4 protein chains.
Amino acid sequence: MNATTQNSRADAPTCAGDKPTRARGPSPEKTIQTRRAITTAALSEFLEKGFANAIMENVAKRAGVAKGTPYRYFATKEALFEGVVREEIAGAFVDVNPANRAPGEPVGAFLRRTMLVAMRDIETKGRASIARLVLAEGGRFPALVDIYRREMIEPLVAQIRELAIAAQANGELSGDRLVNYPQLLIAPIWYGIIYNGVLDPTHPQNIADLFEAHLDMVLPRK
Amino acid sequence: MNATTQNSRADAPTCAGDKPTRARGPSPEKTIQTRRAITTAALSEFLEKGFANAIMENVAKRAGVAKGTPYRYFATKEALFEGVVREEIAGAFVDVNPANRAPGEPVGAFLRRTMLVAMRDIETKGRASIARLVLAEGGRFPALVDIYRREMIEPLVAQIRELAIAAQANGELSGDRLVNYPQLLIAPIWYGIIYNGVLDPTHPQNIADLFEAHLDMVLPRK
Amino acid sequence: MNATTQNSRADAPTCAGDKPTRARGPSPEKTIQTRRAITTAALSEFLEKGFANAIMENVAKRAGVAKGTPYRYFATKEALFEGVVREEIAGAFVDVNPANRAPGEPVGAFLRRTMLVAMRDIETKGRASIARLVLAEGGRFPALVDIYRREMIEPLVAQIRELAIAAQANGELSGDRLVNYPQLLIAPIWYGIIYNGVLDPTHPQNIADLFEAHLDMVLPRK
Amino acid sequence: MNATTQNSRADAPTCAGDKPTRARGPSPEKTIQTRRAITTAALSEFLEKGFANAIMENVAKRAGVAKGTPYRYFATKEALFEGVVREEIAGAFVDVNPANRAPGEPVGAFLRRTMLVAMRDIETKGRASIARLVLAEGGRFPALVDIYRREMIEPLVAQIRELAIAAQANGELSGDRLVNYPQLLIAPIWYGIIYNGVLDPTHPQNIADLFEAHLDMVLPRK
DNA sequence: TATGAATGAGTATTCATTCAT
DNA sequence: GATGAATGAATACTCATTCAT
C-alpha cells in the first residue's frame with residue numbers, strides 16, 4: 001500500500017538524522033512474498049497431513065514466520081485451506097479445447113498430442129496431489145468441490161463431449177456411449193490418481209500409459 | 001456368522017434337559033448386541049465426519065451406550081476405526097471368478113450378469129461408502145489400504161485379467177490393452193464412486209449405467 | 001495359571017442326586033480363602049504401584065477372582081488399602097520388651113539378641129515394604145499412619161526409652177540423650193528402609209549391619 | 001540467578017540513550033514471571049497432593065494462568081514434576097566441605113557450626129518437603145532419585161566420611177564405624193524428615209535438636 | 001456369593017485463535 | 001504489519017464402582 005514508506009524496522013535502528021534510502025511503511029513486495037511463503041507452506045502441510053491434522057503453527061514455521069502471521073492473511077485455518085486449494089485449482093486445468101484441433105485431424109490424434117501429453121507430468125506438477133486433496137477433504141469443503149467441478153471437471157467433460165461428437169461424425173467412434181458418458185474418457189486418469197495416492201503409493205502406475213491404453217481401446221489410431 | 005462364539009450358553013452341558021449351567025454373570029448375547037450397536041454407530045459417524053472429526057462420545061450416544069463402553073471393545077479410536085472398516089471391507093468383495101463363466105459364454109455376457117449386477121446396489125449396500133472412506137483416510141491408515149488392496153482390488157483385477165485373456169482368445173477383444181491394464185475395466189466404477197461421493201453428490205450418477213456404457217465400448221455385445 | 005483356582009465351579013456339574021459331601025450355601029472356608037487371596041493380591045499391587053496407580057481390576061486378576069468380587073469384602077479401593085495395610089502392620093511389630101531382659105544382662109547385649117536379630121529379615125519379611133508404603137501413602141491416609149504410629153513406633157520408642165534409662169542406670173550409657181531422644185536408636189533403621197526402597201534400590205544396604213554399627217557407637221559392648 | 005537471561009531487553013543496544021530496539025512481540029520478562037508462577041504453583045500442588053493426585057488445572061489456577069499455559073513450559077505433567085523437583089533439589093544441597101574446617105578445629109565443632117545450623121531451617125526452607133516428595137514419588141521417578149542421590153546424598157556422605165577420618169585421626173572418634181557407615185551421621189535427619197512429614201505431622205520434632213543430640217552421642221564436645 | 005458388562009465422573013493434552021507489545 | 005505468549009474449548013481415554021444375572 002504505502003509503497004516504500006516503511007522498513008522492516010529491524011534494518012532501521014534509525015537514530016536522529018540517520019535516514020535509510022527507502023522511506024518507512026510496509027513494503028508491498030515483502031507482503032506478497034510473505035503471503036506466498038505462507039500459501040506454499042500451507043499447501044505442503046495440507047498435502048502431507050490433510051486438513052484436520054495440519055497444524056497452523058507448522059504452517060508458520062515452514063513459512064518462516066511467526067505463529068500469528070498467517071492470520072493476517074487468512075482469518076481462519078479453513079480460510080487458509082480454501083484459499084490455498086482454490087489457487088492451486090486455478091492453475092491445474094487441462095485444456096483440450098476442440099477449437100485447437102487441426103482441420104481434418106482425428107480426434108484420437110488430437111487427444112494424444114494434448115491431453116496425453118498433459119498426463120505425462122500430472123504427478124510432478126502437483127495436479128494429482130490437488131485432486132487427491134479435493135477427494136479427501138471435499139466432504140467437509142463443498143465450496144471447494146464446487147469450484148473444482150466448475151473449473152476443472154465440467155469444462156473438460158464438455159470439451160470431451162464435443163470431441164466425442166466430432167469423432168462420431170468422422171467415423172472414428174461407433175456408438176454414442178462416449179457422447180452420453182464423456183466422463184468415461186477420463187475415468188482412468190482418476191483411477192491412476194487414487195491408485196498412486198492411496199491404493200498403492202509404493203507401486204505407482206504411470207497415469208499417461210494407463211490413459212494411452214484406454215485411448216487405444218476407445219479411439220484406436222487409424 | 002458368530003454362531004460359534006455366541007451360543008456358549010446354549011451349548012452348555014445341561015443336566016436333566018433344563019436350564020444351562022452358566023447361570024451367573026452378564027449375558028453374552030447382550031455383549032454381541034452391544035458390540036454390533038457400537039460398530040454400526042461408529043461406521044455412521046466415520047462416514048459422516050471422517051476419522052479426525054468423528055467424536056467417540058457421539059459414537060457412544062448413537063449406539064445408546066455410555067462414553068466408556070466402546071473402549072471395552074476397541075482400545076482406541078484408531079482401533080475402532082480400523083476394526084469397523086476392516087469388517088466392512090470383508091463383506092464388500094465383488095466376485096467375478098472366471099470359473100463361474102458358463103462354457104462358451106462370452107466374457108462380456110458374463111461380466112454383465114455378474115459385475116454389472118453387483119454395481120446396481122453398490123451405493124445402497126455401503127460398498128461405495130467404504131471405498132470413499134478408504135480413499136479419504138487411507139493416507140493416515142496404510143494398514144487399512146493394504147487390506148483393501150489385498151482383499152478387494154488385487155483379486156478383482158487378477159480375475160479381470162484372466163477374463164481379458166479369455167476374451168482375447170475367443171475374439172471378443174482385439175489388442176492386449178485390457179490384458180496389460182485390467183484396471184481399465186473398473187476405472188469407471190471408481191470414477192462413479194468419487195463422483196457421487198465427492199465431486200457432485202447432489203447429482204449422483206448411476207454407477208451401473210456408467211459401467212455398462214464402458215463395457216459396451218470395450219467388450220461390445222455380439 | 002489360574003486354571004486351578006478358577007474352575008472350582010466347573011468341577012461341580014452336579015446333576016440330580018449327585019450331592020457333594022458339603023451342603024450348599026456359601027462355604028465359610030472358601031470365603032476366607034477368597035478374602036486372603038484378595039488381600040495378598042492387593043498388597044502386591046499396592047507395593048508395586050502405590051495406592052493411586054494400583055488398579056482394582058489388577059487386584060482381582062492377581063487374586064484369580066472377578067472384577068466385582070473384591071467389593072464384596074471391601075467397599076472401596078480405599079477400604080481395601082487400609083484393610084490390607086492395617087493387617088500387615090499388625091504383624092510387623094518389633095518387640096524389645098524390657099521385661100524380657102535377663103537379670104544383669106547389659107542393655108546393649110539385649111538389643112543385639114532381640115532387635116538386631118529382627119533386623120536381619122526386615123527386608124525379607126515384608127516389614128520394610130510396609131514401612132515404605134506407609135511413608136509413601138501416609139500423607140493421604142492419616143488413619144493408617146495413626147495405627148502405624150500407635151502400634152509400631154510409639155510402643156517401640158517407649159520400650160527403648162525404658163532400656164535407655166536402664167542403660168544409664170547401669171553405666172552403659174553416659175548422658176541422657178538417648179533417654180530424651182530414644183528415636184535416635186532406630187533412626188538408622190529408617191534410613192536403611194528408605195535407602196533400600198527409594199534412594200538406591202540397586203545397591204541395597206544391609207540394615208542389620210547398619211544398625212549394629214550404630215549400636216556399637218551408642219552402646220559399645222563392654 | 002537468571003540475571004543473564006531476563007535482562008535481554010535492558011541490555012539491548014539503544015540509540016540516543018532511549019528505548020530498546022526490541023519493540024515488537026511479547027515481553028520476555030513476563031515469560032519468566034509466568035514460568036516462575038507455574039513452577040511455584042506446581043511445587044505446592046505436588047507437595048500437597050503427590051504426583052498422582054495433583055491436577056494440572058489446579059496448578060494453572062494457583063499460578064493464575066489458563067489451563068493450557070503450563071504446557072508451554074513443560075510438555076507433560078511428568079515433565080513439570082521432574083522439572084520442578086529437579087530445580088528444587090539443585091538448591092537444597094547441604095555443604096560441609098572439609099576444606100572449610102578451620103585448622104585445628106574439632107570435627108564436632110565444625111559440624112555444629114555448619115550442618116547443625118543448616119538443620120535449623122530445613123523445614124522452613126523447603127528442603128524437608130522436597131526430601132519427602134522424593135521419598136514418596138521416587139519409586140515412580142527413578143531419574144529424580146538419581147539426581148537427588150548424585151547431587152545431595154553422595155556428596156554429603158563423601159564429605160562426612162572425610163570428616164570421620166579426620167575425627168578418627170585427631171582422637172575425637174574411636175573406632176571406624178562412622179568411617180565405614182558415614183550415613184549413620186545423617187540418619188537422624190532422615191528420621192526427623194519422615195517423622196514430621198508423615199509419621200506425626202501434628203507433633204513435629206525439631207530436627208536440629210535431634211541431630212544435635214545425635215552429635216553429642218557420636219562426637220561429644222571436648 | 002460371584003460375575004463381568006456397563007457406567008460416567010474426572011483429567012491430561014491439543015491447538016486454533018487472540019492481542020498486548 | 002509482525003510477533004509469540006497466553007487462552008480455553010474440545011476430546012480421547014481411564015478406572016472405581018454398580019448391578020442385572
Side-chain angles (χ1 to χ4, degrees), chain A residues 1-2 6 8-10 24-28 30-31 34 52-60 65-73 75-78 80, chain B residues 9 22-28 30-31 33-35 53-60 65-73 75-78 80, chain C residues 6 8-9 24-27 30-31 34 52-60 65-73 75-78 80, chain D residues 9 22-28 30-31 33-35 53-60 65-73 75-78 80:
Chain A
M1 309 114 212
N2 314 24
Q6 185 189 54
S8 46
R9 194 192 313 216
R24 52 227 90 94
S27 132
K30 197 154 183 191
T31 294
T34 303
N53 292 105
I55 292 169
M56 287 300 277
E57 191 168 1
N58 282 359
V59 172
V65 299
K67 203 171 168 183
T69 305
Y71 286 92
R72 303 199 63 76
Y73 297 86
T76 65
K77 184 185 178 183
E78 221 167 279
L80 173 59
Chain B
R9 191 210 287 249
R22 192 190 190 297
R24 287 186 285 177
S27 100
K30 201 159 181 190
T31 295
Q33 277 172 29
T34 304
R35 188 192 159 93
N53 291 105
I55 292 168
M56 286 300 277
E57 194 167 357
N58 282 358
V59 172
V65 299
K67 196 179 9 160
T69 304
Y71 289 94
R72 290 185 48 70
Y73 297 86
T76 63
K77 183 182 175 185
E78 220 166 278
L80 174 59
Chain C
Q6 86 185 141
S8 46
R9 185 191 325 169
R24 53 224 95 90
S27 127
K30 197 160 186 183
T31 293
T34 304
N53 291 106
I55 291 168
M56 287 299 277
E57 191 169 2
N58 283 359
V59 172
V65 299
K67 202 169 167 182
T69 304
Y71 286 92
R72 303 200 64 77
Y73 297 85
T76 64
K77 184 185 178 183
E78 223 167 277
L80 173 58
Chain D
R9 193 209 285 247
R22 191 187 191 297
R24 286 185 287 176
S27 101
K30 201 157 177 191
T31 295
Q33 277 173 29
T34 304
R35 190 194 156 92
N53 292 105
I55 291 168
M56 286 300 276
E57 193 167 358
N58 283 358
V59 173
V65 299
K67 193 173 15 158
T69 303
Y71 288 94
R72 289 185 51 68
Y73 297 86
T76 62
K77 184 183 175 183
E78 220 167 281
L80 174 59

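From a predicted model like this one, the values you see are computed outputs, not experimental measurements. Below, read A as the first sequence line, B as the second, and so on, with proteins coming before strands; counting in each chain starts at 1.
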Distance check: side-chain N/O of [X] vs OP1/OP2 of [N], anything under 4.0 Å?
X	N	answer
Arg72(C)	dT1(E)	no
Thr34(B)	dA5(E)	no
Thr69(C)	dT3(E)	yes
Thr76(C)	dA16(F)	no

Gap between atoms [atom1] and [atom2], on [X] and [N] respectively (whole Å):
X	N	atom1	atom2	result
Glu57(C)	dA5(E)	CD	C1'	11 Å
Ile55(D)	dA12(E)	CD1	P	6 Å
Glu78(D)	dA12(E)	CD	P	12 Å
Asn58(B)	dT11(F)	CG	P	8 Å
Met56(C)	dC15(F)	CE	C1'	10 Å

#### Entry: Minimum side-chain heavy-atom gap Tyr73(A)-Thr31(A) below 4.5 Å
yes
### Query
Touch check for Ala60(B), heavy atoms < 4.0 angstrom, all strands: base, sugar-phosphate only, or nothing?
nothing
### Query
What nucleic acid atoms does Ala52(A) come within less than 4.0 Å of, heavy atoms only: base, sugar-phosphate, or nothing?
nothing
### Summary
One should read off an interatomic distance between Arg35(D) CZ and Thr69(D) OG1, to the nearest 0.5 angstrom, of 14.0 Å
### Summary
Interatomic distance, CE@Met56(B) vs CG@Leu80(B), rounded to 0.5 Å, equals 5.0 Å
So if I take every side-chain heavy atom of [X] and compare against [options], which nucleotide ends up nearest?
X	options	value
Tyr73(A)	dT3(E), dA2(F), dT13(E)	dA2(F)
Lys67(C)	dA9(E), dA6(E), dT1(E)	dA6(E)
Tyr71(B)	dA10(F), dA12(E), dA12(F)	dA12(F)

### Task
Let me see the working for Arg72(C) and Thr34(C) under side-chain contact (heavy atoms from CB on, under 4.5 Å), right down to the final yes or no.
CA-CA 10 Å; Arg72(C) 303 200 64 77; Thr34(C) 304; over 6 Å; no
### Message
Under 3.5 Å for both donor-acceptor distances, Watson-Crick or wobble: does dT21(F) have a partner, and if so which one?
### Response
dA2(E)
### Task
Can you tell me the pairing partner of dA9(E) across any strand shown, Watson-Crick or G-U wobble, with both distances under 3.5 angstrom?
dT14(F)
### Nearest-nucleotide comparison on DNA chain F, the residue closer to the 5′ end among Ala75(C) and Ala75(B)
Ala75(B)
### Task
Using the closest heavy atom to pick a nucleotide of DNA chain F for each, name whichever of Gly68(B) or Lys77(C) lands nearer the 5' end.
Gly68(B)
### Query
Taking NZ, NE, NH1 and NH2 as the nitrogens, is one of them in Lys67(B) or Glu57(B) under 4.0 Å from a carboxylate oxygen of the other?
no
### Task
Select from Asn53(D) and Val65(C) the residue whose nearest nucleotide in DNA chain E is closer to the 5' end of that strand.
Val65(C)
